[in-house]
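Model, not experiment: these values are computed from the prediction.
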Amino acid sequence: MLNSRGLKAAGIAALITLTTVTAANATQAPTPRVTESAAAVVTLRYDDSRAGSWQAAITAGVASWNTNVGNVKLVKAAPGTRAEIQIVATNGWPQATLGPVRPGGQVRVELGSQAVTEGHDKTRITAHELGHSLGLPDTKPGPCSQLMSGSSAGTSCRNAVPNATERSRVESFYANGAASRTPADGRVLVDAP
C-alpha cells in the first residue's frame, strides 16, 4: 500500500512517462508536404469512348508517354467529364491537332484504319498521334527510332517510344505547368505517306 508520498511520486512518474511518450509520438508523426516536382505535373485527360477496336493500342500508347515523360500525365477521363484529348476511330489516315494541348483546352486525335490496312502498327500510330497533341510536329522523312517520323519509317517499324529529343521537347512544353499558358498550335496534321 502506498502512502500519500508514494502516490505523489507515482503520479509524477506517470505524468513524465505520458509526456515523454506524447512528445515522441508527436515528433514521429509524418508531415504531409507537396514536392515541387509533384506540383509541376500537368494532367491531361483523354476520351477514347469512340475509338472502337483501338483500346489496346491506346492503352499502350498512353503508357509509352506516361513512362517516358515525367511532367505530363495522360489519364482516361471519367465518363461524362470533359477531356482535353478526344480520340476517335476513323476510316481515313491518322491525324491529330498539333498541341501542346492545355489543361481545359481540347484537341482531336483520329486513329485512321487506312494506315493499319497499309500495314502500319496500331500502337506506333497511337503514340505518334498523341505526340502531336503534346506539341510535336512530324519529322518526315525519318528513321524508326524517331516516333514522330510516322509512316515514313515504313510498315516494319513498331517503335512506339519517343526518343530523347522528343521526350525533352515535350517536357519543355510542360515545364512548371507552362502548357497552361502556351496555346496549342491548332493545325491538323494528317499522317498519310
Trainee: Can you tell me how far apart CD (E129) and CD1 (I58) are? Round to the nearest 0.5 Å.
Mentor: 11.5 Å

Trainee: About how many Å separate OG of S64 and CG of N159, when rounded to the nearest 0.5 Å?
Mentor: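 OG of S64 is found 7.5 Å from CG of N159.
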
Trainee: Return yes if some donor-acceptor pair links the side-chain N/O of S168 with the main-chain N/O of T165 below 3.5 Å, else return no.
Mentor: no

Trainee: Does L147 offer a backbone N or O that forms a donor-acceptor pair with the side chain of E166 under 3.5 Å?
Mentor: yes

Trainee: Could you check whether any side-chain N or O of T59 sits under 3.5 Å from a backbone N or O of Q55, counting only pairs where one atom can act as donor and the other as acceptor?
Mentor: yes

Trainee: Which value, rounded to the nearest 0.5 Å, describes the distance between L44 atom CG and Y174 atom OH?
Mentor: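 That separation rounds to 5.0 Å.
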
Trainee: Shortest non-hydrogen contact from G61 to L130?
Mentor: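 Scanning both residues, the minimum pair turns out to be C-CD1, 4.0 Å.
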
Trainee: With distance as the sole test, does E84 use its side chain to make a donor-acceptor pair with the main-chain N or O of G105 at under 3.5 Å?
Mentor: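 Absent.
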
Trainee: Working to the nearest 0.5 angstrom, can you tell me the gap between Q86 CD and S49 OG?
Mentor: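 Here the rounded value is 7.0 Å.
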
Trainee: Ignoring hydrogens, what is the shortest heavy-atom contact between K140 and S149? Give both atom names and the distance.
Mentor: CG-O, 3.3 Å

Trainee: For H128, which of D121, T123, D138 qualifies under side chain to side chain donor-acceptor pair (under 3.5 Å)?
Mentor: D138

Trainee: Is there a donor-acceptor contact under 3.5 Å from the side chain of K122 to the main chain of A56?
Mentor: no

Trainee: For the OH atom of Y46 and the OG atom of S133, what is their distance to the nearest 0.5 Å?
Mentor: 12.5 Å

Trainee: Find out whether I87 and W54 are in side-chain contact, i.e. whether some heavy atom of one side chain is under 4.5 Å from a heavy atom of the other.
Mentor: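 They are not in contact (no side-chain heavy atoms under 4.5 Å apart), so the answer is no.
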
Trainee: State whether a side-chain donor-acceptor pair under 3.5 Å links D191 with H120.
Mentor: no

Trainee: In terms of hydrophobic clusters joined by side-chain contacts under 4.5 Å, are L98 and W65 together?
Mentor: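 No, separate clusters.
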
Trainee: Considering residues at least two apart in sequence or located in another chain, which fulfil the salt bridge (Lys or Arg N to Asp or Glu O under 4.0 Å) criterion with R187?
Mentor: D185

Trainee: Please check: side-chain N/O of R124 versus main-chain N/O of G150, any donor-acceptor pairing under 3.5 Å?
Mentor: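 Judged by distance alone, yes, a pair lies under 3.5 Å.
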
Trainee: Distance-only, no hydrogens or angles: does the R108 side chain make a donor-acceptor pair with backbone N or O of T97 under 3.5 Å?
Mentor: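 Checked: no pair found.
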
Trainee: Do V62 and L136 sit in one hydrophobic cluster, given that two such residues count as connected whenever their side-chain heavy atoms are within less than 4.5 Å of each other, even indirectly?
Mentor: yes

Trainee: Which atom names give the shortest non-hydrogen contact between A160 and A127, and what distance separates them?
Mentor: O-CB, 3.5 Å

Trainee: For the atom pair NZ (K73) and OG1 (T43), what is the distance rounded to the nearest 0.5 Å?
Mentor: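 Reported to 0.5 Å precision, the distance equals 8.0 Å.
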
Trainee: Looking at T81 and A77, would you say the former's side chain and the latter's main chain have a donor-acceptor pair under 3.5 Å?
Mentor: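 Here the side-chain-to-backbone pair does not exist.
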
Trainee: With side-chain contact (heavy atoms from CB on, under 4.5 Å) as the test, would you mind laying out the steps for Q106 and V101 before giving the verdict?
Mentor: CA-CA 6 Å; Q106 196 165 55; V101 63; 5.7 Å; no

Trainee: Strictly distance-based, threshold 3.5 Å: is any side-chain N or O of E171 a donor or acceptor partner for the main-chain N or O of G70?
Mentor: yes

Trainee: Side-chain heavy atoms under 4.5 angstrom apart, residues restricted to Ile, Leu, Val, Met, Phe, Trp, Tyr: same cluster for V88 and V109?
Mentor: no

